[in-house]
J.: 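The structure follows.
Chain letters run A, B, ... following the sequence lines, proteins first, then strands; residues in each count from 1. Since the structure is predicted, the reported quantities are computational estimates derived from the model, not experimental observations.
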Amino acid sequence: MLKKLYVEDVKKLPEGSEATLLGWVRSKRSHGGLLFIDLRDSTGIIQVTIRRGEVPDGSFEYVARLRRESAIKVSGVVKHDPRAPDGVELRCRSIEVIGESLDDFPIRKGIKIKFLLDNRHLHIRSPRVTAIMKIRAALLKAARRWFEENGFIEINCPSFITAAVEGGATLFKLDYFGREAYLTQSSQFYQEAAIYSLEKVYSIQPSFRAELSRTRRHLTEFWHLEAEIAYAELEDLLEVIENLFYAMVEGVCEQAEKELNLLGVKLDPDVAKPPYPRITYAEALEILRRKGFDVKWGDDFGADEERELSKEFEKPFFVTHWARESKAFYHMPDPADPRVCKNADLLTPGGYGEVVGGGQRIHDYNQLIERIREAGLNPEDYKWYLDLRKYGSVPHSGFGLGIERMLWWMLKLPHIRDACLFPRTPARVYP
RNA sequence: GCCGGCGUAGCUCAGCUGGUGGAGCGCCGGGCUGUUAACCCGGGGGUCGGUGGUUCGAAUCCACCCGCCGGCGCCA
């Protein structure tokens with residue numbers, strides 16, 4: 001490796017240590033014979049001071065002309081000095097240019113969102129985006145760890161599919177060697193197939209939605225964490241969801257404390273500590289009606305309704321037993337009340353809304369056919385999915401969680417696209 | 001898809017009762033040995049989103065189109 005030390009490491013070295021750092025020139029302040037460089041790498045920023053006469057002939061003048069984001073290699077001595085940011089700086093002895101910026105770096109303070117998105121490939125170098133991506137990684141790591149500890153097997157499902165999960169018009173259609181195919185919007189059906197051998201499965205992969213939804217909580221491509229569990233009923237599922245959710249929040253708090261501080265986010269894991277409040281759809285309707293909303297049985301909640309509802313809670317909360325007409329055909333009708341299904345959404349407090357959706361699936365062959373017909377769909381289109389109910393079908397439940405939605409809530413991000421490296425929205429497929 | 005907003009220098013914007021396009025920042029040149037995305041002096045930089053129309057004359061008025069932003073519906 002060309003690089004052995006990182007900014008984070010150098011900041012911890014004792015006074016007088018010699019160190020060599022490779023990084024990028026985040027900014028530069030010139031004072032004639034004295035030059036300050038803020039050197040950036042994946043772990044942070046350190047000030048480098050360069051004095052004329054203390055570096056080899058000619059290199060001072062050369063470095064003084066370097067543009068922002070030039071890549072450099074600096075060797076020097078660690079100096080603890082209260083005048084430096086964080087009280088530490090690197091006094092330069094020699095400096096080498098690795099990759100010079102050929103042009104003025106276009107990203108700086110005060111730039112508006114359109115330009116930042118057009119230049120996302122450069123913007124992602126910012127400490128803020130860097131911190132969010134580290135938190136995202138910590139979140140996924142915590143999820144995998146929880147699944148691992150609880151006996152789940154990670155599976156990978158196809159992105160090219162032929163049938164919709166819910167038969168909507170929200171699929172991206174594509175040409176598959178002359179045949180019509182689509183990009184997946186959920187791995188649920190494949191997971192349901194997998195439980196007959198692996199029993200408890202999960203997957204983390206992109207889902208695609210061709211919805212022209214211009215909101216701060218929609219992407220056309222998002223990372224979908226999904227799980228499916230054999231022999232699990234709704235109650236079992238809710239426990240899985242809240243335990244996993246808590247483990248993910250806890251994991252971020254433990255592993256990304258520095259990044260949370262950098263973002264100015266105060267995240268208390270106790271806000272996600274189970275058990276979560278549970279209300280039924282019928283109860284949610286009551287609350288909304290009390291607040292003056294005109295909501296009828298069977299209506300799904302709009303953004304305003306969801307926001308108002310979420311103000312009633314401090315913790316994430318479940319809304320269970322939705323009206324069967326408002327949800328997809330595969331949800332299990334509740335034998336105790338056939339007007340509703342044994343399903344649940346997990347909503348986050350503070351108006352951030354739905355992050356998880358799931359429930360118990362219909363496992364009876366004839367009942368599923370009946371529900372497919374009721375939904376105005378053709379059972380022929382769901383042949384292999386129906387097959388799963390023909391051979392040793394068992395009760396099972398599953399859910400899907402939007403990774404970016406969870407980050408959006410957890411970090412109080414202004415927009416869900418802030419939770420991904422290269423967000424995809426109806427208006428953006430570049431860079 | 002619906003409603004609203006915006007598009008002028010590299011960036012952020014002013015200019016909009018029609019009369020030869022401006023500022024701040026950045027950039028370039030010069031100065032400065034303790035700055036905190038420093039400071040001081042000087043300089044270059046434009047198909048005013050596009051097309052058409054009204055007019056002696058359009059960044060400015062009108063029509064259409066394109067692009068993006070914000071919100072709604074839909075959802076994770």
J.: For A:Glu89, report the nucleic acid contact type (base, sugar-phosphate, nothing); a contact means any heavy atom under 4.0 Å.
T.: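 Result for A:Glu89 = base.
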J.: Do A:His224 and A:Ile403 pass the side-chain contact (heavy atoms from CB on, under 4.5 Å) test, and can you show the C-alpha distance, the side-chain angles, and the key distance before you say yes or no?
T.: CA-CA 6 Å; A:His224 212 169; A:Ile403 292 295; over 6 Å; no
J.: Return yes if the base of B:C32 and the side-chain atoms of A:Ser30 contain a donor-acceptor N/O pair under 3.5 Å, otherwise no.
T.: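 Yes, the side chain and the base share a sub-3.5 Å donor-acceptor pair.
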J.: From B:U33, B:C75, B:G70, pick the nucleotide closest to the side chain of A:Glu306?
T.: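 Ranking B:U33, B:C75, B:G70 by closest atom to the A:Glu306 side chain puts B:C75 first.
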J.: Working note: A:Phe317 + A:Glu242, criterion side-chain contact (heavy atoms from CB on, under 4.5 Å); need CA distance, chi angles, decisive distance, verdict.
T.: CA-CA 9 Å; A:Phe317 61 100; A:Glu242 60 189 6; over 6 Å; no
J.: Is any N or O donor-acceptor pair between the side chain of A:Arg405 and the base of B:C75 shorter than 3.5 Å?
T.: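 Yes.
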J.: Partner of B:C74 by Watson-Crick or G-U wobble geometry, both contacts under 3.5 Å, or none?
T.: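 Here B:C74 is not engaged in any pair, so there is no nucleotide opposite it.
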J.: May I ask you to say what A:Leu35 touches in the nucleic acid, namely base, sugar-phosphate or nothing, with a heavy-atom cut-off under 4.0 Å?
T.: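 No contact.
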J.: Determine: side-chain N/O of A:Arg29 to OP1/OP2 of B:A38, distance under 4.0 Å, yes or no.
T.: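 Checking B:A38 against A:Arg29, a side-chain N or O does come within under 4.0 Å of OP1 or OP2.
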J.: Check this for me: does any side-chain nitrogen of one of A:Lys291 and A:Glu308 sit under 4.0 Å from a carboxylate oxygen of the other?
T.: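 Salt bridge: yes.
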J.: Counting C-beta onward and ignoring hydrogens, is there a side-chain heavy-atom pair between A:Ile161 and A:Leu171 closer than 4.5 Å?
T.: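 Of all side-chain heavy-atom pairs linking A:Leu171 with A:Ile161, at least one is under 4.5 Å.
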J.: Quote, to the nearest angstrom, the P distance that separates B:C16 from B:U54.
T.: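 That atom pair is separated by 25 Å.
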J.: Using the P atom as the reference point in each nucleotide, state the distance between B:G7 and B:A14 in Å, no decimals.
T.: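 B:G7 and B:A14 have their P atoms separated by 7 Å.
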J.: Describe the nucleic acid contact of A:Asp300 in one word from base, sugar-phosphate, nothing, applying a heavy-atom distance below 4.0 Å.
T.: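 Sugar-phosphate contact only - A:Asp300 comes under 4.0 Å of backbone atoms but never of a base.
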J.: So if I take every side-chain heavy atom of A:Arg214 and compare against B:C11, B:C75, B:C69, which nucleotide ends up nearest?
T.: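 Of B:C11, B:C75, B:C69, B:C69 is nearest to the side chain of A:Arg214.
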J.: Is A:Arg108 close enough to B:C11 that one of its side-chain N or O atoms is under 4.0 Å from OP1 or OP2 there?
T.: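 No.
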J.: Can you tell me how far C1' in B:A76 sits from the matching atom in B:A38, rounded to whole Å?
T.: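 It comes out at 47 Å once rounded to the nearest Å.
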J.: Name the closest nucleotide to the A:His31 side chain, picking from B:C75, B:U33, B:C2.
T.: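 Closest of the options to the side chain of A:His31: B:U33.
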J.: What's the gap between B:U51 and B:U60 when it is taken at their P atoms, as a whole Å value?
T.: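 Roughly 12 Å separates the two P atoms.
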J.: Between B:C11 and B:A37, how far apart are the C1' atoms? Round to whole Å, please.
T.: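 After rounding to an integer number of Å, I get 14 Å for this pair.
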J.: Taking the side chain of A:Ala427 as its heavy atoms from C-beta onward, which of B:C28, B:C69, B:A76 lies nearest to it?
T.: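 Among the listed nucleotides, the one closest to the side chain of A:Ala427 is B:C69.
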J.: Using atom P in both nucleotides, what's the gap between B:G26 and B:G4 to the nearest angstrom?
T.: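 Comparing P positions in B:G26 and B:G4 gives a spacing of 39 Å.
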J.: Between A:Trp408 and A:Arg217, is there a cation-pi geometry (under 6.0 Å to ring centre, at most 45° from the normal)?
T.: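 Ring-cation test returns no.
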J.: So which nucleotide does B:G4 pair with, by the Watson-Crick or G-U wobble rule with both distances under 3.5 Å?
T.: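 Its partner is B:C69.
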J.: From the options B:C69, B:A76, B:G73, select the nucleotide whose nearest atom is closest to the side chain of A:Arg417.
T.: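 Closest of the options to the side chain of A:Arg417: B:C69.
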J.: Let's see if you can work this out: which of B:U33, B:C74, B:U12 has an atom nearest to the side-chain heavy atoms of A:Leu34?
T.: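 The listed nucleotide nearest to A:Leu34's side chain is B:U33.
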J.: State which of B:G70, B:G10, B:A76 makes the closest approach to the side chain of A:Phe115.
T.: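 Comparing B:G70, B:G10, B:A76 against the side chain of A:Phe115, the answer is B:G10.
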J.: Would you indicate what A:Glu354 reaches in the nucleic acid, counting non-hydrogen atoms under 4.0 angstrom: base, sugar-phosphate, or nothing?
T.: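 The residue A:Glu354 makes sugar-phosphate contact but no base contact.
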J.: Taking atom C1' in both B:A58 and B:U20, what distance in whole Å separates the two?
T.: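 13 Å, rounded to whole Å.
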J.: Which nucleotide in the list B:G29, B:C75, B:U36 gets nearest to the side chain of A:Gln47?
T.: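 Minimum distance to the A:Gln47 side chain belongs to B:U36.
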J.: A:Tyr6 ring centre to A:Lys11 NZ or CZ under 6.0 Å, with the angle to the axis within 45°?
T.: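 No; the conditions do not both hold, so A:Lys11 does not lie above the ring face of A:Tyr6.
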J.: Given B:G1, B:U36, B:U12, which nucleotide is nearest the side-chain atoms of A:Leu212?
T.: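 So the nucleotide nearest the side chain must be B:G1.
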J.: Using a heavy-atom cut-off of 4.0 Å across all strands, would you classify A:Pro106 as base, sugar-phosphate, or nothing?
T.: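 A:Pro106: no heavy atom of the nucleic acid under 4.0 Å.
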J.: Under 4.0 Å between a Lys/Arg side-chain N and an Asp/Glu carboxylate O for A:Glu54 and A:Arg93?
T.: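 Result for this pair is no, no salt bridge flagged.
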J.: Reckon A:Arg68 touches a base, only the sugar-phosphate, or nothing at all at heavy-atom distances under 4.0 Å?
T.: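 Base contact.
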J.: With nearest nucleotide decided by heavy atoms, which residue, A:Lys112 or A:Ser213, maps closer to the 5′ end of RNA chain B?
T.: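 Closest to the 5' end, via its nearest nucleotide, is A:Lys112.
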J.: Considering only the P atoms, how many Å lie between B:G10 and B:G44, rounded to the nearest integer?
T.: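 Going atom to atom, P in each nucleotide, I get 16 Å.
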J.: Base, sugar-phosphate, or nothing for A:Gly302, non-hydrogen atoms under 4.0 angstrom?
T.: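 Answer is sugar-phosphate: A:Gly302 comes under 4.0 Å of backbone atoms only.
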J.: State which of B:A37, B:C68, B:C72 makes the closest approach to the side chain of A:Lys109.
T.: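 Nearest to the side-chain atoms of A:Lys109, counting from C-beta on, is B:A37.
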